[in-house]
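A quick write-up on the structure given underneath.
Note that the numbering runs from 1 along the sequence shown for the chain. Every number for a ligand or one of its atoms is a count from 1 in the order of the listing.
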Amino acid sequence: MLRIGVLVSGGGTNLQAIIDKIEDKTIKNTQIVAVVSNKQNAYALERIKKYNIEGKCIKPSDYLTKKDFTLALRDYFLSLEVDLIVLAGYLVVLSEEFVQAFPNKIMNIHPSLIPAFCGNGFYGLRVHKGVIERGVKITGATVHFVDEGTDTGPIILQKPVEVKENDTPEILQRRVMEEAEWVIYPEAIRLYAEGRIIVENNKVKILDSI
Ligand code: GRF
């Protein structure tokens, strides 16, 4: 059984997409053992109640230093013996003590085709605003492993999405979620649960199913 811990800050629509695929058994032998938010009122914590998933708020302001917070978060997931940590709209930057405790075991989704429109400052609507301002015709989403950099870890899956002429950042954000994020995030977790993702020289290789 793959044990997943999820980190969220907001609405949790990606979390919902993942739960749906676990519930309908597209993703097999997998359990979400905890969802941790840095915000007490994150709607993601509401969503999980009906699935009997443990929810918790662990926030930096409860600790004296960022390091204390990081170690508390790390130790919580270690105590739960998680095999994979999924960042689903998590807005806290994780320190290296955390990342190094789970090498190639933390996944994130970014709402663009990395390496475009990623890195420091590119989060939320800012990504889509940047895409529209540059006038690119194709954007998309990327699932990647998390390393010590910002959006620099090995790329697992990507999916393109068309940018349309009258798009606003909000309209484009919604299309990227519907057409790409909610599709490739559960898919990446399915591949991981099936033991089909390996990382070699900082690149992901996806093994065929047996
Ligand atoms: C998504 O756009 C995701 O790409 C980004 O944060 C947003 C989270 O949305 N990392 P939600 O909380 O899953 O609805």
Between the side chains of Arg190 and Glu187, is the shortest nitrogen-to-carboxylate-oxygen separation below 4.0 Å, so that they form an ion pair? yes

Residue and atom name of the nearest protein heavy atom (relative to atom 3 (C) of ligand 1), distance in Å to one decimal: Glu181 OE1, 3.1 Å

Which ligand 1 atoms does Thr13 reach within 4.0 Å, using its non-hydrogen atoms? 11 (P), 12 (O), 13 (O), 14 (O)

Protein heavy-atom partner closest to atom 12 (O) of ligand 1 - residue, atom, separation in Å: Gly12 N, 2.8 Å

As a quick check of understanding, evaluate side chain to side chain contact (heavy atoms under 4.5 Å, CB included) for Leu94 and Thr70, giving each step before the final call. CA-CA 7 Å; Leu94 292 166; Thr70 304; 6.0 Å; no

Identify, by atom number and element, the atoms of ligand 1 in contact range of Pro111, meaning under 4.0 Å from any of its heavy atoms. 4 (O)

Would Asn14 count as a polar contact of ligand 1, with the cut-off being nitrogen or oxygen pairs under 3.5 Å? yes

Quick one: does Glu81's side chain get under 4.5 Å of Arg3's, heavy atoms only? yes

So do Leu87 and Ile106 actually touch side chain to side chain, heavy atoms under 4.5 Å? yes

Answer yes or no on whether Lys59 is positioned over the face of Phe69, meaning its NZ or CZ is under 6.0 Å from the six-membered ring centre and within 45° of the axis. no

What I want to find out is whether Lys203 reaches Glu200 closely enough, with some N-O distance under 4.0 Å, to be called a salt bridge. no

Where ligand 1 meets Ile109 - atom numbers and elements under 4.0 angstrom, heavy-atom basis: 3 (C), 4 (O), 10 (N)

Non-hydrogen side-chain atoms of Val8 and Val6 separated by less than 4.5 Å: yes

Closest protein heavy atom to atom 6 (O) of ligand 1, given as residue, atom name and distance to 0.1 Å: Gly89 CA, 3.4 Å

With a 4.0 Å heavy-atom cut-off (strictly under), which part of Met177 contacts ligand 1: side chain, backbone, both or neither? side chain

Output yes when the distance from some N or O of ligand 1 to some N or O of Gly10 is under 3.5 Å, and no in every other case. no

